[in-house]
Amino acid sequence: MRLSTYFMPTLKETPAEAQIVSHRLMLRAGMIRQSSAGIYSWLPLGLKVLKNIEQVVREEQNAINCHEVLMPTIQSADLWRQSGRYDDYGPEMLRVSDRHGRDMLYGPTNEEQITEIFANSIRSYRDVPQLLYHIQWKFRDEVRPRFGIMRGREFLMKDAYSFDLDKEGAQNSYNKMFVSYLKTYERLGLKAIPMAADTGPIGGDMSHEFLILAETGESEIACHNECLNNNWLKDVDADSNLGKIVHTFTEKYAATDEMRDEKTERALGSNLITARGIEVGHIFYFGTKYSSKLGAVVTGPNGEEITVEMGSYGIGVSRLVGAIIEACHDDRGIIWPETVTPYKVGLINLRHDDDNCTNACDNMYSLLKDAGIEALYDDRDKKAGVKFADMDLIGLPWQIIIGPKSVKDGIVEFKNRKTGELVELSAAAALNLLKG
RNA sequence: CGGGGCGUAGCGCAGUCUGGUAGCGCAUUCGGUUUGGGACCGAAAGGUCGGAGGUUCGAAUCCUCUCGCCCCGACCA
């Protein structure tokens with residue numbers, strides 16, 4: 001992409017309303033613009049990152065045979081009356097009515113909808129278990145939206161739902177999703193720590209929140225220091241012993257504010273770590289809460305009726321954009337993990353008006369393009385300093401810098417955004433590094 | 001929803017206390033000089049001072065109401 005024709009309105013100064021670093025950087029990098037409190041528009045650069053994260057999440061869901069669907073944002077109030085949540089949900093639910101005066105709502109979550117779909121479609125125990133998910137915009141009318149995209153009212157969420165015949169089956173679905181989440185965060189370059197979460201009236205230990213540590217996190221968390229050293233998973237296949245993996249990740253104490261236990265913490269002594277964290281995922285098992293009310297019942301092997309056991313599993317996709325920035329930045333700007341970066345490499349032409357320089361850049365750009373490497377080419381008529389600052393701000397992991405000096409020496413400068421390390425290479429060598 | 005703060009040019013701000021025809025920096029446009037970490041000189045353009053009502057000869061400034069945004073807390077992906 002040539003920056004001269006792109007839409008990337010960067011800001012030199014931080015807008016007054018932005019307080020936390022991810023919000024500031026997203027505004028400054030031209031990723032988002034605020035529409036109203038807790039509601040944002042996504043500009044090209046931000047949208048690209050959002051889509052990349054969404055894709056990683058999608059691939060990991062698909063990998064565990066969880067099937068993607070897409071449910072609407074607008075739902076009928078009747079469905080929610082059946083589950084009893086129309087009244088329970090309170091003012092956080094945005095209620096609207098259509099031209100006929102029918103009560104509708106902008107979905108804050110989709111348990112009712114998915115349960116209805118399941119109930120209308122699946123009759124036999126043979127078709128269970130089932131895992132379904134979708135990635136859709138949600139609206140929750142938060143009392144206090146804040147922190148930019150991190151606690152918006154409108155947000156993009158991946159929510160998955162499991163349907164099983166019994167509690168053991170539900171436990172297995174839960175474990176699958178648990179491990180899948182570990183892999184997802186690993187791929188996104190995050191260390192997300194699973195923590196025991198409040199299970200509400202269902203009880204048991206089948207609810208976990210996944211948190212990444214960040215000073216700006218909203219939850220006050222505490223955990224055993226070894227939780228930070230767990231090996232985040234790369235290669236887990238379907239045959240792995242999921243229960244065992246879940247066990248290793250949950251055996252040590254780790255709890256968010258409402259679940260903290262003073263006694264346990266005192267016993268941990270110097271092994272205890274307290275910190276702040278950002279919740280990037282939440283999974284829980286809730287039994288037959290919705291299936292019983294919405295009639296999600298299948299016929300069992302002996303002709304008996306079985307009300308399915310359900311769980312739901314959420315990842316805040318749009319929140320992850322902010323969370324990743326909170327975890328990956330320095331005083332110059334963002335530092336994207338390779339898996340979500342909007343472009344793999346930034347190409348800087350230091351002297352737009354120098355033909356040799358521009359030719360060398362155009363050439364490099366073609367090489368990158370031919371190699372299938374997505375590059376953002378700063379071919380603007382701007383000062384070198386402006387280009388350096390913008391490139392550091394938007395945080396592409398690699399930079400290729402070409403100026404009169406490098407042209408004379410027949411090299412390019414290859415910079416690692418994270419370490420700042422700068423090496424001089426031939427164009428071909430730089431290309432190879434990026435391919436590798 | 002309780003407490004606090006802020007709305008003045010695209011962005012960052014001053015001016016408000018003490019009323020007198022709206023200003024600075026950056027960005028933008030044009031001309032020139034520059035050119036490896038947010039250049040310099042000159043010129044230009046850009047504002048119903050969030051909105052409504054009121055007080056006054058006169059309101060960004062005082063009064064009343066209202067809308068919006070941000071922060072702290074209680075709740076949540």
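Just so it is clear: chains get the letters A, B, ... in the order the sequence lines come, proteins before strands, and each one is counted from 1.
Side-chain atoms of A/Ser180 and A/Glu60 form no donor-acceptor pair, as typed in the model, at a separation below 3.5 Å.
Residue A/Lys382 places at least one side-chain N or O closer than 4.0 Å to OP1 or OP2 of B/U28. The phosphate of B/C72 has neither OP1 nor OP2 within less than 4.0 Å of any side-chain N or O from A/Gln19.
B/G7 and B/G47: their C1' atoms are spaced 14 Å apart (whole Å). Annotation: B/G15 and B/A9 have their P atoms spaced 15 Å apart (nearest Å). Taking atom P on both B/C13 and B/C75, the two are 32 Å apart, rounded to the nearest angstrom. Nucleotides B/C30 and B/U56 place their C1' atoms 44 Å apart, quoted to the nearest Å. Rounded to a whole angstrom, the distance from the P atom of B/A14 to that of B/U55 is 31 Å. Taking atom P on both B/G73 and B/A60, the two are 38 Å apart, rounded to the nearest angstrom. B/C70 and B/U18 have their P atoms separated by 32 Å, with the value rounded to a whole Å. B/U29 and B/C72 have their P atoms separated by 37 Å, with the value rounded to a whole Å.
Residue ring and nucleobase are not stacked for A/Phe388 and B/G38 under a centre distance beneath 5.5 angstrom and an angle between planes beneath 30°.
If you measure from atom CD of A/Glu142 to atom C1' of B/C69, you get 17 Å, rounded to the nearest angstrom. Computed from coordinates, the A/Met150 CE to B/C70 P distance equals 15 Å when rounded to whole Å. The distance from atom CG of A/Asp378 to atom P of B/G36 is 15 Å, rounded to the nearest whole Å. Protein atom NE2 of A/His134 is 16 Å distant from nucleotide atom P of B/A77, rounded to whole Å. As rounded to whole Å, 13 Å separates atom C1' of B/G36 from atom CD1 of A/Ile402. Following rounding to the nearest Å, A/Glu413 (CD) and B/G36 (P) show an atom-to-atom distance of 12 Å.
Taking a cutoff of 4.0 Å between a charged side-chain nitrogen and a carboxylate oxygen, A/Lys138 and A/Glu154 do not qualify as a salt bridge.
No hydrogens or angles were tested; on distance alone, nothing pairs the side chain of A/Lys415 with the base of B/G36 as donor and acceptor under 3.5 Å.
At a threshold of 4.5 Å between non-hydrogen side-chain atoms, the residues A/Ser312 and A/His282 do not count as touching.
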What one-letter contact string describes nucleotides 2-13 of chain B from 5' to 3', where B marks a base within less than 4.0 Å of any protein heavy atom, S marks contact via sugar-phosphate atoms alone, and - marks no contact? ---------BSS
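Heavy-atom distances to RNA chain B give each of A/Glu154 and A/Ala37 a nearest nucleotide, and the one nearer the 5′ end belongs to A/Ala37. Nearest-nucleotide mapping onto RNA chain B: of A/Gly316 and A/Gly148, the residue sitting toward the 5' end is A/Gly148.
Considering A/Gln61, A/Lys158, A/Glu68, A/His67 as possible partners of A/Tyr133, the one that fulfils the side-chain hydrogen bond (donor to acceptor under 3.5 Å, both in side chains) test is A/Glu68.
When heavy atoms are screened at a 4.0 angstrom cut-off, A/Gly152 is found touching base atoms of the nucleic acid. Residue contacts for A/Ser36: at a heavy-atom cut-off of 4.0 Å it reaches the sugar-phosphate backbone alone, with no base atom in range. Here A/Arg153 lies out of heavy-atom contact (under 4.0 Å) with every strand.
Legend: side chain to side chain donor-acceptor pair (under 3.5 Å) pairs involving residues 9-21 of chain A, not counting sequence neighbours, sorted by first then second residue: A/Thr10-A/Asp390.
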